[in-house]
Amino acid sequence: MTVDGRLVRGERTRTAVLDQALRLATVNGLDGLSLSQVADALGVSKSGLFAHWRSKEALQLAVIEHARGQWTDEVIRPALAAPKGLRRLWALHDRRLAFYEAQVLPGGCFFANANFEFNARPGVLRDRLGVQLADWTAFLTRLADEAVEVGDLRHGAGDSLPFLIESLGVCAVMQATTLGPEVTFRHARLALLSHLRALATDPTILPELS
């Protein structure tokens with residue numbers, strides 16, 4: 001089968017644009033994102049971007065999906081390599097914080113920023129962000145339930161874990177600029193690890209932090 005070079009180049013361009021748009025959105029806000037802004041940052045013509053997105057909203061929705069894919073690749077998939085139960089929950093939290101620490105995105109966390117930005121602004125973008133947050137919460141809940149199923153937690157002990165894990169992650173990344181990443185990310189790790197140890201049927205399966 002012959003691969004159409006134009007399609008390959010088009011997909012590479014689309015990915016490069018979305019990578020740049022995602023970075024810009026974490027600094028200037030999702031609402032501040034525009035085709036002109038992205039074109040200027042990449043040194044390309046705005047007209048060339050219209051082949052991919054016909055409006056600002058279309059670009060914004062594409063950025064949300066791109067951020068979701070990045071989150072899956074950088075946070076979720078690596079964590080799923082850990083054994084089911086508390087070790088997987090811990091791996092997810094640790095991997096999330098490592099993603100923030102690596103400063104992959106200059107503005108910290110795309111989803112935390114965008115959720116705050118659109119929290120009081122009804123519309124298509126808030127609805128799409130709401131779907132992402134609901135899916136993420138459901139995923140955390142599933143991992144907590146698995147920890148009960150494999151015997152790492154007593155029945156009911158994981159009910160509040162999704163909220164706690166999300167709260168610690170958001171708090172750490174939002175405060176890192178002001179209080180310093182060394183402080184916030186360490187405290188976010190220690191806080192969850194201490195909580196998991198208190199709930200665990202066998203605390204020794206969890207790592208030690210120096």
Side-chain angles (χ1 to χ4, degrees), residues 22-23 25-26 64 67-119 129-210:
L22 178 54
R23 288 190 290 269
T26 66
I64 292 172
R68 181 178 178 128
Q70 183 189 68
W71 190 257
T72 298
D73 291 341
E74 299 288 340
V75 177
I76 293 177
R77 284 203 181 102
L80 290 177
K84 281 186 179 181
L86 284 187
R87 284 171 291 183
R88 184 170 292 181
L89 266 176
W90 168 252
L92 185 71
H93 184 63
D94 184 54
R95 183 59 206 164
R96 175 187 192 165
L97 297 179
F99 175 71
Y100 294 151
E101 288 171 316
Q103 298 182 324
V104 176
L105 299 175
C109 180
F110 169 80
F111 287 110
N113 293 347
N115 283 327
F116 279 121
E117 184 182 359
F118 284 89
N119 185 51
L129 289 166
V131 169
Q132 162 62 23
L133 181 57
D135 287 348
W136 171 244
T137 303
F139 178 68
L140 290 173
T141 300
R142 193 188 89 199
L143 295 195
D145 289 343
E146 286 178 352
V148 174
E149 291 169 5
V150 301
D152 287 352
L153 290 174
R154 300 180 305 278
H155 181 72
D159 292 351
S160 64
L161 282 178
F163 181 78
L164 175 63
I165 292 170
E166 178 63 7
S167 298
L168 287 171
V170 171
C171 183
V173 73
M174 298 303 271
Q175 293 186 358
T177 303
T178 302
L179 301 181
E182 300 84 1
V183 173
T184 61
F185 295 127
R186 175 173 172 75
H187 284 179
R189 284 188 171 93
L190 288 173
L192 183 63
L193 192 58
S194 296
H195 190 74
L196 294 181
R197 285 186 181 283
L199 296 177
T201 55
D202 180 10
T204 64
I205 67 173
L206 293 165
E208 296 282 351
L209 291 186
S210 58

Just jot down the side chain to side chain contact (heavy atoms under 4.5 Å, CB included) partners of [X], sequence neighbours excluded, or say none.
X	result
Leu179	Gln175, Thr184
Ser194	none
Val131	Arg128, Asp135

Are any of the side-chain nitrogens in [X] or [Y] under 4.0 Å away from the carboxylate oxygens of its partner?
X	Y	answer
Glu74	Arg95	yes
Glu101	Arg189	yes
Arg142	Glu146	yes

Minimum-distance pair of heavy atoms, taken over all atoms of [X] and [Y]:
X	Y	value
Pro162	Thr141	CG-OG1, 3.5 Å
Gly169	His93	N-CE1, 4.3 Å
Thr26	Asn113	O-ND2, 3.4 Å
Ala79	Ala91	CB-C, 3.9 Å
Gly158	Leu153	CA-CD1, 4.0 Å
Leu199	Ala157	CD1-O, 3.4 Å

Exercise. Aromatic rings Trp71 and Tyr100: how do their planes relate, parallel, tilted or perpendicular, breaks at 30° and 60°?
Worked result: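 If you compare the ring of Trp71 with that of Tyr100, the planes turn out tilted.
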
For this session: Identify, with sequence neighbours excluded, every residue that meets salt bridge (Lys or Arg N to Asp or Glu O under 4.0 Å) alongside Arg77.
Result: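 If we apply the salt bridge (Lys or Arg N to Asp or Glu O under 4.0 Å) test to Arg77, skipping adjacent residues, the hits are Asp73.
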
Exercise. Sequence neighbours excluded, which residues qualify as salt bridge (Lys or Arg N to Asp or Glu O under 4.0 Å) partners of Arg87?
Worked result: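 Partners of Arg87 under the salt bridge (Lys or Arg N to Asp or Glu O under 4.0 Å) test: none.
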
Does a side-chain heavy-atom distance below 4.5 Å link [X] with [Y]?
X	Y	answer
Leu133	Leu129	no
Cys109	Val170	no
Trp136	Ile76	yes
Leu209	Leu190	yes

For this session: Run the numbers on Leu161 and Leu89 for side chain to side chain contact (heavy atoms under 4.5 Å, CB included), then give the verdict.
Result: CA-CA 9 Å; Leu161 282 178; Leu89 266 176; 3.8 Å; yes

Problem set entry | Point-to-point distance, once rounded to the nearest 0.5 Å, from CD of Glu166 to CZ of Phe111 |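 That separation rounds to 10.5 Å.
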
Problem set entry | Value rounded to 0.5 Å, distance of CG in Leu86 from OG1 in Thr201 |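 Spacing of CG (Leu86) from OG1 (Thr201) equals 7.0 Å.
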
For this session: Report the C-alpha separation of Ile64 and Phe110 in whole Å, then their side-chain angles, then the decisive distance to 0.1 Å, and conclude whether the side chain to side chain contact (heavy atoms under 4.5 Å, CB included) test is met.
Result: CA-CA 9 Å; Ile64 292 172; Phe110 169 80; 3.9 Å; yes

Exercise. Taking only residues at least two apart or on different chains, which pairs with a member in residues 151-163 satisfy side chain to side chain donor-acceptor pair (under 3.5 Å)?
Worked result: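 Every pair satisfying side chain to side chain donor-acceptor pair (under 3.5 Å) with a residue in residues 151-163: there are none.
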
Exercise. Going through the distances and angles, do Ile165 and Leu92 end up as a side chain to side chain contact (heavy atoms under 4.5 Å, CB included)?
Worked result: CA-CA 9 Å; Ile165 292 170; Leu92 185 71; 5.5 Å; no

Problem set entry | CA sep, side-chain torsions, deciding dist, call: Gln132, Asn115, side chain to side chain contact (heavy atoms under 4.5 Å, CB included) | CA-CA 10 Å; Gln132 162 62 23; Asn115 283 327; over 6 Å; no

For this session: Could you tell me whether Phe116 atom CZ has more than 12 heavy atoms of other residues or ligands within 6.0 Å of it?
Result: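 Not more than 12 within 6.0 Å, no.
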
Problem set entry | Sidechain-backbone polar pair: Arg88 side chain, Ala82 backbone, donor-acceptor under 3.5 Å |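 Indeed, once roles are kept as given, a pair shorter than 3.5 Å links the two residues.
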
